[in-house]
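Just below is one structure, and these are the notes that go with it.
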Amino acid sequence: AKAKERAEGALRYFPSVLVKNLNRNGAYTVSVKKGAKEGLHSTGGYGGPSITVAGTGRSAASVMVHEMGHAIEHTNPRIARIVAEFFKRRTQGQKLTESKKYKGARCYKDKFADEYTGRVYEHGGGNRGVEVFTTGLQKLYFNEDGGHEKDREHIELIIGLLLGVK
């Protein structure tokens, strides 16, 4: 229960208009799976939209911020478009490589603070940078991977997106 409270408390990191927009198509449910290795964002299916958070303590809050980022990007076409443009510009001319850090992941390295930011998926997300917004939020709020210092442009993109929400 404490991990779920901490995860749900991560909502305070977002402008209220973004949180309100998430629930247009049904309220998101949040669950915590302590033994899980990663979080999960689902836009629907059985039981409606949901976010599953892995971990406990601060890591649960960080995963919640990450998965909320997916939900926000999914429900905000403006954010999705700007993130896709940023990703395309930053990765143009680069080679997609197998990650050494994240098993089974294919990433563009660029100068991201963490290669996961450059991850692409074979399914739905395609080659549009679906981890840019999510990892940027984690770096902004938790300074993960030294994100503030290592990739200032990425952090500035996230701040700009959050300030520009309508």
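For the single chain, residues carry numbers from 1 onward in sequence order. What you see below is based on every heavy atom in this structure, not just the backbone, and it leaves out hydrogens, waters and symmetry mates.
In summary, R119 and E115 do not engage in a salt bridge, as defined by a charged side-chain N under 4.0 Å from a carboxylate O. With respect to D114 and K101, a salt bridge is recorded, a charged nitrogen being found less than 4.0 Å from a carboxylate O. Between E153 and R90, at least one side-chain N (NZ, or NE/NH1/NH2) sits under 4.0 Å from a carboxylate O, which counts as a salt bridge. Salt-bridge formation is detected for the pair R81/E85: a Lys NZ or Arg NE/NH1/NH2 atom is positioned less than 4.0 Å from an Asp or Glu carboxylate oxygen.
In summary, of the residues considered (V132, I155, L162), a side-chain contact (heavy atoms from CB on, under 4.5 Å) with L137 occurs for L162 alone.
Side-chain contact check for R106 versus T97: every heavy-atom pair is 4.5 Å or farther apart.
Between atom CZ of residue F133 and atom OG1 of residue T117 there is a gap of 13.0 Å, rounded to the nearest 0.5 Å. Here the CZ atom belonging to F87 is positioned 10.5 Å from the NE2 atom belonging to H154, to the nearest 0.5 angstrom. Here E67 contributes atom CD and S62 contributes atom OG; the two are 10.0 Å apart, rounded to the nearest 0.5 Å.
Checked by atom type, the side-chain pair E131/T134 shows a donor-acceptor distance below 3.5 Å.
Applying the side-chain contact (heavy atoms from CB on, under 4.5 Å) rule to Q94 yields the partners Y108, D110; only residues at least two apart in sequence or on another chain are considered. I82 is linked by a side-chain contact (heavy atoms from CB on, under 4.5 Å) to R78, L157, L161, counting only residues two or more places apart in sequence or in another chain. Scored by the salt bridge (charged side-chain N to carboxylate O under 4.0 Å, His left out) test, K111 finds no partners at all (sequence neighbours excluded).
In this pair, Y116 and H66 present their aromatic rings tilted. The plane angle is within the 30 to 60° band.
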